[in-house]
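Comments concern the structure below.
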Amino acid sequence: MKESSTNSIDPRAADGLPPGQAERRRFLTWLSVGLGGVCAALVGIPVVGFVLAPLLRKPAGQWRTVGKAADFAIGKTVNVVFEDPSPLPWAGVTARAAAWVRRESDERFIAFSVHCTHLGCPVRWMHDANLFLCPCHGGVYYQDGTVAAGPPPRPLFRYDVRVMNGEVQVKADAIPITTAL
Amino acid sequence: MKRFFQNTWGWLDDRLGLSDMLGPSLKHLVPRDAKWWYVFGSATLVAFIVQVITGVALAFSYVPSSSQAYDTLKFITDEAPLGHFLRGLHYYGASAMVLMVGAHMAQTFLFGAYKYPREMNWSTGVLLLAFTLVMGFTGQLLRWDQTAAWSVVVAAEQAGRIPYIGGWLASFILGGTTIGGATLSRFFAIHVFLIPAFIFGFVFLHLWLVLRHGISDPPKPGKPVDPKTYKKEYHEELHRTGVPFWPDGAWRDMVFGTALIIGIVVLAIVFGPPPIENPPDPSILQADPRPDWYLLWYFAVLALIPPQIEGYVMILAPALIGVILFLAPILGSKGERHWSRRPWSIAVVLLSVLMIGSLWIAGAKSPWSPNFEAEPLPASVVGATSGPVARGAQVFHDRACINCHLIESLGGRRGPDLTFVSDRLTESDIIIRILNGGNNMPAFGNTLKPQEMEDLVTFLQTRRKGARPAKLAQ
């Protein structure tokens, strides 16, 4: 037996909706929710893209002159300062970067990253001890960058280095990140 | 005059509906016995409000640019009227917020207040704890001095250890591939807009849940939580003996919150804000980055965990702790609430406090770090001013042995104390150890010349109780 509209539990009947009104409400609900999703996507996708853009931008390394080759003594490790590969106009002093450059022979130079491979702290060269020491967690490296003691999981990273027209150039690149688990 | 204010308030209240909106919340019944143990949550909110107000004020002068933030902070600290004090308020407000959120969690845990039906009260609180710690870390970075810049690198390196997405996360943190113009802006947006928005949202949700489920009654031994009967019993008891939150319950929150603010003000006046160190120049390598006190214990963890499992501990341990905390109420949502019937809960809180406290002390001392400031040993310690012993002491300094080893409390603590090294090592033991290294010590076989080696060993052989210099023996 068909229920009367007064005691039915059917909300459409209880509301006294004319035929088709429930479908209309369902459609309007989905329309509103859908439009909300479209609005969120229209604004959200560009925002997410803008915020995540640095993940996709991989600037190429840039050669930076760090001094005359004649100024680097064989067997010595010295600190050199240069501009990072992609400085923004408002970067100020944060656009600076550093490396430890060691002259092995007349022709051979090595440029070590200053970042400890443990957690990135700046290693210091102890010239009389021929060691790099890290101030944070006690990482120690030999003069060739290999791990001597402490928690670093791998040797110091190296930058490309070359001599052009009597000048030593280091290829300024990304801060090396130890990604191996 | 009184009538005028009454009429004005009546008009405003009628048009705005403030009493209708806030009245039920303020007058809701709370357990009569919920007293001083219950003030830590509101105290956390008080500290957060202090942070919002002082943070907005600081933003009036702070320029979130990588090239200018350092100078603006120096200006705020050294020149702006009340700037020094305001920075102090912001710093100690942050410290108070971390402390209060910890106390609130411990009290909630010990009282079993996370059990049915307040599971989500706890879980939203865990998220608020996480947001608070993120605010603490990003706030330190906004100081944008040398420690801040290197801390960003450390954060990026930590993120880099996450499998598969580590490199991307590191780039996200740095705002590119290096520290630079984009780095500070990101942390400013996160610290000032993003996380506070989350905190506001979750504080609102947290408070709504407090109103919805009511303040938990103090636990009684032998009265376990039974989801079938708890709500009925709770509301019956509340209507029988409860008191309105305003003012019967709220006055304690006001007293404790006022004391907290007075404490923050006094600390800001007496100790001032943390110093602004060297500029954030990544080419200045004389840096010794340390996190602020509330994350110093984690700094110690990173130094003390065995390197073989470091990658897992660094990433998985915080994630696991977060998941366990978040899901804790689901793991035990009913049963006894009183701590005397849950002795393990006391053990968990005590162990957590002891563990974090011990690691905090270790982090503050950082014995694993070389002492870069170590001076040459004085003659009174060396026991000679010429000859092989004096030359050996000079080698001990020049070859950086002193950066890691103590002699008569002078030097570093990274390696063993060598004050009495000859009492435990023979001459050949010492030579082998220096030449080959080992036990977390570099090998010096390729560094020391034969004469230096001889002098160094001679010096170290004088480091024994029976052969101490006459002056020292006195």
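In what follows, every heavy atom counts, from backbone to side chain, and hydrogens, waters and symmetry copies are set aside. Being a predicted model, the structure only gives us computed values, none of them experimental. Naming: A, B, ... by sequence-line order, numbering from 1 per chain.
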Heavy-atom cut-off 4.5 Å, strictly under: side chain, backbone, both or neither for [X] against chain B?
{"X": "Leu131(A)", "answer": "side chain"}
{"X": "Arg96(A)", "answer": "both"}
{"X": "His118(A)", "answer": "both"}
{"X": "Pro153(A)", "answer": "side chain"}
{"X": "Asn79(A)", "answer": "side chain"}
{"X": "Val51(A)", "answer": "both"}
{"X": "Pro176(A)", "answer": "backbone"}

Given heavy-atom pairs under 4.5 angstrom as the criterion, report whether the side chain, backbone, both or neither of [X] touches chain A.
{"X": "Phe299(B)", "value": "both"}
{"X": "Asn403(B)", "value": "side chain"}
{"X": "Ala155(B)", "value": "neither"}
{"X": "Ala300(B)", "value": "neither"}
{"X": "Glu310(B)", "value": "side chain"}
{"X": "Ser366(B)", "value": "neither"}
{"X": "Trp150(B)", "value": "side chain"}
{"X": "Ala149(B)", "value": "neither"}

Main chain of [Y], side chain of [X]: is a donor-acceptor contact present, judged purely on distance under 3.5 Å?
{"X": "Arg414(B)", "Y": "Gly138(A)", "answer": "yes"}
{"X": "Ser369(B)", "Y": "Cys136(A)", "answer": "yes"}
{"X": "Glu157(B)", "Y": "Thr117(A)", "answer": "no"}
{"X": "Tyr142(A)", "Y": "Ala443(B)", "answer": "yes"}
{"X": "Ser67(B)", "Y": "Ala91(A)", "answer": "no"}

Ring geometry between His137(A) and Trp368(B) (parallel below 30°, tilted from 30 to 60°, perpendicular above 60°):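 The arrangement is parallel - the two ring planes meet at less than 30°.
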Smallest separation among heavy atoms of [X] and [Y], with atom names:
{"X": "Pro85(A)", "Y": "Thr178(B)", "answer": "CD-CG2, 4.1 Å"}
{"X": "Ala97(A)", "Y": "Ser283(B)", "answer": "O-CB, 3.7 Å"}
{"X": "Ala400(B)", "Y": "Ala129(A)", "answer": "CB-CB, 3.5 Å"}
{"X": "Ile177(A)", "Y": "Gly160(B)", "answer": "CG2-CA, 3.7 Å"}

Based on non-hydrogen pairs under 4.5 Å, which of [options] is most in contact with chain B?
{"options": "Ala98(A), Ala174(A), Pro135(A), Gly92(A)", "value": "Pro135(A)"}
{"options": "His127(A), Met126(A), Arg124(A)", "value": "Arg124(A)"}
{"options": "Val81(A), Ile175(A), Leu88(A)", "value": "Ile175(A)"}
{"options": "Gly150(A), Ala172(A), Ala95(A)", "value": "Gly150(A)"}
{"options": "Ala148(A), Pro122(A), Cys116(A), Ala149(A)", "value": "Pro122(A)"}

[X] side chain near [Y] side chain, heavy-atom distance below 4.5 Å:
{"X": "Val153(B)", "Y": "Cys121(A)", "result": "no"}
{"X": "Val93(A)", "Y": "Pro280(B)", "result": "yes"}
{"X": "Met441(B)", "Y": "Val140(A)", "result": "no"}
{"X": "Thr94(A)", "Y": "Asp281(B)", "result": "no"}

[atom1]-[atom2] distance between [X] and [Y], expressed to the nearest 0.5 angstrom:
{"X": "Asn130(A)", "Y": "Thr447(B)", "atom1": "CG", "atom2": "OG1", "value": "5.0 Å"}
{"X": "Phe132(A)", "Y": "Leu285(B)", "atom1": "CZ", "atom2": "CG", "value": "10.5 Å"}
{"X": "Leu52(A)", "Y": "Phe172(B)", "atom1": "CG", "atom2": "CZ", "value": "6.0 Å"}
{"X": "Asp128(A)", "Y": "Asp398(B)", "atom1": "CG", "atom2": "CG", "value": "5.0 Å"}
{"X": "Gln158(B)", "Y": "Thr178(A)", "atom1": "CD", "atom2": "OG1", "value": "12.0 Å"}

Within 6.0 Å of CH2 in Trp63(A), more than 12 heavy atoms from elsewhere: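 Check passes, neighbour count above 12.
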